[in-house]
Amino acid sequence: MTASDPVSSVLSVRDGGLSFGGRTLWSHLDLEVAPGEIVAVLGANGSGKSSLLKAILGQLRLTSGSIDFLGRPGRRGDRRIGYVPQQKLADDGTPLRARDLVALGLTGHRWGIPLPSAARRRQVDALLASVGATAYGNVGVSTLSGGEQQRVRIGQALAGDPRLLLCDEPLLSLDPAHQRSVSELIGRLAHERGFGVLFVTHDINPILDMVDRVLYLAGGSFRIGTPDDVLTSAVLSDLYGSPVDVIRSHGRVIVVGTPDGHHDGAHELGGAA
Amino acid sequence: MDWSSIFNFDNYGELLALLQNSIIAGAVLGLVGGLVGVFVMSRDMAFAVHGISELSFAGAAAGLLFGVGVVEGSIAGAIVAALIIGVLGARARDRNSIIAVLMPFGLGLGILCLSLYPGRTANKFGLLTGQIVAVDDPRLNSLIAISAVVVLGLLVAWRPLTFASVDADVAAARGVPVRGLSIYFMLLLGLAVAVSVQVVGSLLVLSILVTPAAAALRVSSSPVLVPVLSTIFAVTSLVGGILLALGASIPISPYVTTISFLIYVVCRVIAWRRGAGTGRIQDARLPLPVREAEQS
């Protein structure tokens, strides 16, 4: 699924470049995401994975190039872009239940106090059902497990009927069972609803089966292609500029020997930093 | 020890009439504290409240010394502190160190101003420990006006402020002006602290701006019930404290803080007892695989 026709793509980055204080994270990035397509964004900490998402969200300006969303320049706060960040266990100071978090996705940007509405209630119920969170809809967010919280966040992101879902390490700090169920949910919804997904992750394995393409950022450059094309020793060695081994074992991909020099902390935007 | 200095209900009716202003002030302040407290908790800013209150104390003391007025001084001090914390302390770690730097400075400045002030000592300590008896008509009016600004300000921005407070990243992605709302909230918080300092004193502001909301959050996570309970708790603490303190010869603050604390303890016990049943809270403490198995 390499959509080059801009009309058929939800997102197109053209000749995109991003630099911080003279350090180039990536440049000449061309990326098209088709409806229903899932693109994994991989790379070391500090390689600009999360920054790419922030640029698409309009929170960071590209140093060069342009980003179009649905054929138009992206604007900040477009509700048709859903955003699911990494799971942060909400603490006791969160006066919200799961359904209230979802409701914020519907009307959280509007001023005033939320007034009761039967229509809104039904919408929230439907969103909770679509992510399998009905059972804990009335439970306080702070008492949800990590996996449950991520399901609720996905429900919140669905509220804007997104055409593009940006996931920033949504599986981080989840146990393997939850990683699987949350990523399966994202994959199923992307196909059912036909939204594109950019899935930033440091570990491709939980989502390897459902990923259409991989964008690998490293060493100020990048590679795009199917997982089989990009995740090879030759491609990654070339990208990192030093020998890197990609080992495939029991359907898992293990990348060995990536230089630690990339963990230079030049920017804190990397989700896992 | 003479108990009548702590609880004394002689001539209660007459005192009640005399202190009508104080009781109204307590109720209004309870409303402000209960509502602001919910956001203080969800933004994790309890320490900031304390820092702001010390600078508000410094402002009030300076206002007293230079004859500008205690109200004006406390508002100026609180707003300056709130803005400094809001602008410099976007991240929690930065924020805590900034507050820790500001707080002793404010307290010291306040003590300096009070030492230089030639007036009576009793009034001076009121700024630290509360002076509910001193609410005259002009003061009550200014308190109500400022409180109205705070409450209306919160109601207008309630939803986006909630979004930005509990989930800043997603709120920003949704186009909520997270940074602007943060400064906006700090201004409202500054005003809320300033009015509270004038009544309960700067050392005890936390008991109305934090404790009631913290108590409410122990027993509920409903976005409607939490602010309502928090307000009820704050009003109960303040008005209850004033009514108990009326005839006694000690400041009102110990009464307010004790009631507020007891409410918190009761809420914790309720939460604990619920958790001991079959409720969700116990559920949350089980290891994840067990919960998974229970749900499937």
Side-chain angles (χ1 to χ4, degrees), chain A residues 53-54 56-59 75-79 81-86 88 90-101 103-105 107-114 116 132 135-136 138-148 153 156-157 159-160 166 168 174-175 177-178 181 268 271, chain B residues 37-46 91 154-178 210 213-214 216-218 220-227 229-230 271 275 279-289 291-293 295-296:
Chain A
L53 299 195
K54 289 202 186 304
I56 294 165
L57 286 168
Q59 295 172 351
R75 63 180 172 82
R76 209 182 163 128
D78 194 319
R79 301 187 61 240
I81 302 181
Y83 179 60
V84 179
Q86 71 184 62
K88 280 176 291 187
D91 52 26
D92 290 346
T94 307
L96 296 179
R97 299 158 300 180
R99 60 164 46 255
D100 306 312
L101 198 70
L104 283 177
T107 60
H109 57 289
R110 293 198 202 142
W111 298 98
I113 50 171
Y136 41 87
N138 289 322
V139 170
V141 173
S142 56
T143 62
L144 294 176
S145 77
E148 289 167 341
R153 277 178 177 281
Q156 185 196 45
L166 303 179
D168 195 352
L174 300 189
D175 60 48
H178 277 132
S181 73
E268 296 272 333
Chain B
V38 175
F39 290 101
V40 169
M41 287 302 292
S42 55
R43 302 180 77 85
D44 194 14
M45 295 198 94
R91 290 192 305 182
L154 283 181
L155 293 181
V156 165
W158 193 273
R159 221 167 358 187
L161 190 59
T162 302
F163 204 174
S165 302
V166 300
D167 207 353
D169 291 343
V170 179
R174 276 290 154 99
V176 173
V178 173
V210 173
L217 280 162
R218 299 313 306 183
S220 173
S221 50
S222 150
V224 179
L225 211 51
V226 168
L229 283 177
S230 170
R280 178 76 187 183
I281 291 165
Q282 188 199 33
D283 217 28
R285 291 196 190 111
L286 293 174
L288 285 173
R291 299 182 62 191
E292 283 287 289
Q295 277 160 27
S296 54

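Labels below follow one simple rule: chain letters A, B, ... track the order of the sequence lines, proteins then strands, and each chain is numbered from 1. Values below: every heavy atom of this structure, side chains too, minus hydrogens, waters and symmetry copies.
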- Message: Check this for me, if you would: do A:Asp78 and B:Arg174 make a salt bridge, where the nitrogen-to-carboxylate-oxygen distance has to be below 4.0 angstrom?
- Response: no
Smallest heavy-atom separation, A:Arg110 atom then B:Pro160 atom, equals O-CD, 2.9 Å
Cut-off 4.5 Å, heavy atoms of chain A, and the answer for B:Ala171 is neither
When the 4.5 angstrom heavy-atom criterion is applied to B:Val170 and chain A, the contacting part is both
Under 4.5 Å to a heavy atom of chain B? For A:Arg99 that would be neither
dist B:Leu161:CG -> A:Ile113:CD1 (nearest 0.5 Å) comes out at 13.5 Å
Per-residue tally against chain A (heavy atom, under 4.5 Å) across B:Gly175, B:Pro177, B:Ala173 peaks at B:Ala173
OG (B:Ser222) and CG (A:Asn138) are apart, to the nearest 0.5 Å, by 9.5 Å
Taken to the nearest 0.5 Å, the spacing of A:Arg97 CZ from B:Leu225 CG works out to 9.0 Å
B:Ser42 side chain reached by A:Pro95 side chain, heavy atoms, under 4.5 Å:
yes
So, the part of A:Leu101 with a heavy atom under 4.5 Å from chain B: the answer is side chain
When B:Val166, B:Asp167, B:Val176 are each screened for side chain to side chain contact (heavy atoms under 4.5 Å, CB included) with A:Leu104, the one that passes is B:Val166
Heavy atoms of A:Thr94 and B:Ser221 approach each other most closely as O-CB, 4.2 Å
- Query: Side chain of B:Arg159, backbone of A:Gly108: donor and acceptor closer than 3.5 Å?
  - Reply: no
